[in-house]
Every structure is written in structure tokens, then in C-alpha cells.
Amino acid sequence: MESFGTRLHRAIVERGPLCVGIDPHPGLLAAWGLPNDAEGLDRFSRTVVEALGDRVAVVKPQSAFFERFGSRGVAILESTIRQLRDAGSLVLLDVKRGDIGSTMSAYAAAYLDPSSPMHVDAVTASPYLGVGSLAPMFELAAEHGGGVFVLALTSNPEGAAVQRAVTADGRTVAQTVIDAISQLNRGATTLGSFGLVVGATIGDTGHDLSGVGGPLLAPGLGAQGAGAADLRTVFGSSLASVLPSYSREVLSAGPDVAALRAAADRVLVDCRAVLPAR
Ligand SMILES: O=c1ccn([C@@H]2O[C@H](COP(=O)(O)O)[C@@H](O)[C@H]2O)c(=O)[nH]1
């Protein structure tokens, strides 16, 4: 079985370094002429799959926008995941799960066990109950070729107070997360399966990302104000591991399928201009 890191590396080589989010904000549903209900959500998601599922390396549904419609929204999320996988893109479910280890086992089974209806290629996870509490998720990911992206330095301004706080050993909280994920990726040949989330908005924070060995998901581009050129400042010598992520910047071009494709192509060109070829 191939690891997530290997599959991600191949997807990036074949399709380019880009992740596009499916974030059906109420304002976007309205702008697309869709109702703010489960039917609007379904049509929005199907349109994104049709436009991007066969061309973007990674698609990242934001679970919150599906969960807000209850069981119908979750059923649409399951269907969207299946459609994306059939279309050939890797699916990164943005759920930011984090809990005590025994509960993490259940979250891992929900998203990373191939027999689950919600099975995806990778998930986002929050380390603020301790990176060690995420171990059941790391273990199931490794067993089934899945991936986990752990929050390290998030794109929102409020994150800094916690993430850049200095721990007893002198490292920041974020650096302890970075170091733990680097350890998990030891020995990976192409790209490790354990990634970090590092916002493109944060500027040069002085954190050392050079030994991570896994993908660095960079949200915050477009609607949150960062541009592709900011990736240089944030990631420095680690640019080759960056997976830029855009949601509203691309989605606001819809509902026209050709316009969505053109928007994704445009941001990919911007990113390729900054990132080393892979
Ligand atoms: O630090 C983080 C972690 C996750 N996100 C998520 O990414 C998208 C960003 O959407 P845009 O429309 O491109 O701003 C969204 O789902 C966030 O929950 C993040 O922004 N920052």
C-alpha cells in the first residue's frame, strides 16, 4: 500500500502544487444563486467537483459548512468525498479534530479507516490536547496510507498568543509540534505522510521547518490577505514542501465551471512562480 506522502507527491507532480477548499459560505451560496439549504449545498459541491475534481491535486472540504445542515449536510459531505475520489483528486477533510487518545481512536476510525463512509485521504487535527494524544490517528493513518495535517502556526491572528508561547524547554508551542511531526516523518523517502498547517499570513516567525519531511499546508491565501509571494517570507528554505490552499479566492469565480477552472489555473500559475518545481 502506498503512503499518503507518496500519493501526494505524485498528485503534485502530475497536477501541480494546489489545494482548493470547498467552503460553501452562505454568502457564496447567495452569490451563486443557490438557496441557503441542503439543496444549495449539494449543487454547490457538485459544481466544484465537476470543475476541479479531475484537475486539482487536493480538494479540501471544510466540514463545518456541511455540518451546519445536520444529517442531510453530512450525507452530502459523504457523497462529495466519494465524487472527489472518483474524479481522482486527493481529499483532505478539514475537521481539525483533537481530543483524548481514546476518543481520537474513534475519530481516526471515522475518517481514516477505509471501511468508513467518510473515509478520506487525509484530515486536519488540532494538537492542543498534546501532540501525543493524536497518536491513534497517526497510527491508523500509517496503517492505511492516510495522512494527518496538524495545526502548527495558523493563519488567524488569534493563534499567535498560544502557538508562539514559550515552553519550559525554551521552544515555542508551535516548535514542539513541528519537532514532533518531523520525528514521525523520519525515514520517509519521497514525502512524509504527516503534515503541518502553517498560515501564509504569518510572516517570518523564525520557526525552523527545515526538518519536517512532510507537506506544509498553507491556508490564508486570497481572501485572508496573503499572496503567493508571501510564501517566500513564511517558508524560506522549506518552500519545496509547501501545498498552497485557497478557498474563497477560487470559489468566488463560480458557479460557471469554466470560470472556476480559470481561477484555479490562475492561482496555480501564481504559486508555481514562487515554488520550486517538483
Ligand atoms: O490556519 C488555518 C487553518 C485552516 N484554515 C481553513 O482554510 C480555509 C481558508 O479559506 P479561505 O476562504 O481561503 O480563507 C478555511 O476552511 C479555514 O477553516 C485556515 O484558514 N487557516
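In each ligand, atom 1 is the first atom listed, and ligand 1 is the first ligand listed.
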Next item on the list: Using distance alone, with no hydrogens and no angle criterion, decide if Ser155 and Gln224 have a side-chain donor and acceptor under 3.5 Å apart.
Entry: yes

Check: Which atoms of ligand 1 are found less than 4.0 Å from any heavy atom of Thr154?
Finding: 1 (O)

Next item on the list: Please report which non-hydrogen protein atom sits nearest to atom 7 (O) of ligand 1, along with the residue it belongs to and the distance in Å to one decimal place.
Entry: Lys60 NZ, 3.2 Å

Notebook entry, point to check: Going by the atom numbers of ligand 1, which of them fall below 4.0 Å from some non-hydrogen atom of Lys96?
Noted result: 3 (C), 4 (C), 5 (N), 6 (C), 18 (O)

Check: Taking heavy atoms and a distance under 4.0 Å, where does Val197 meet ligand 1: side chain, backbone, both or neither?
Finding: side chain

Checklist line | Phe194 and Phe138 aromatic ring geometry - parallel, tilted or perpendicular at 30°/60° bounds | finding: perpendicular

Next item on the list: Ignoring hydrogens and angles, state whether a donor on the side chain of Ser238 or Ser241 is under 3.5 Å from an acceptor on the partner side chain.
Entry: no

Checklist line | Taking atom 20 (O) of ligand 1 as the reference point, the nearest protein heavy atom with its distance | finding: Gln224 NE2, 2.7 Å

Margin query: Check this for me: does any side-chain nitrogen of one of Asp265 and Arg261 sit under 4.0 Å from a carboxylate oxygen of the other?
Written below: no

Notebook entry, point to check: Are side-chain N/O atoms of Gln175 and Asp179 paired as donor and acceptor at under 3.5 Å?
Noted result: yes

Margin query: To check your reading of the model: name the closest protein heavy atom to atom 17 (C) of ligand 1, its residue, and the distance in Å.
Written below: Gln62 NE2, 3.9 Å

Notebook entry, point to check: Of all the non-hydrogen atoms in the protein, which one sits nearest to atom 13 (O) of ligand 1, and at what distance?
Noted result: Ser247 N, 3.0 Å

Notebook entry, point to check: Of the protein's non-hydrogen atoms, which lies at the shortest distance from atom 1 (O) of ligand 1, and what is that distance?
Noted result: Ser155 N, 2.9 Å

Item checked: Least distance between heavy atoms, Gly211 atom then Ser182 atom -> O-CB, 3.3 Å

Margin query: Heavy-atom distances under 4.0 Å decide this one: backbone, side chain, both or neither, for Asp94 against ligand 1?
Written below: side chain

Next item on the list: Answer yes or no for Leu221: is there a heavy-atom contact with ligand 1 below 4.0 Å?
Entry: yes

Checklist line | Under the salt bridge (charged side-chain N to carboxylate O under 4.0 Å, His left out) test, residues paired with Arg43 that sit two or more places apart | finding: Glu39

Item checked: Partner of Leu77 by side chain to side chain contact (heavy atoms under 4.5 Å, CB included), out of Met118, Arg72, Arg82 -> Met118

Note to self: With a heavy-atom distance limit of 4.0 Å, tell me whether Glu249 approaches ligand 1 through its side chain, its backbone, both, or neither.
What the structure shows: neither

Next item on the list: Among all protein heavy atoms, pick the one closest to atom 12 (O) of ligand 1 and tell me residue, atom and distance.
Entry: Arg248 NE, 2.6 Å

Check: Nearest protein heavy-atom contact for atom 16 (O) of ligand 1: which residue, which atom, what distance?
Finding: Asp23 OD2, 2.5 Å

Notebook entry, point to check: Is Lys96 close to Gln62 at the side-chain level, that is, under 4.5 Å between some pair of heavy atoms?
Noted result: yes

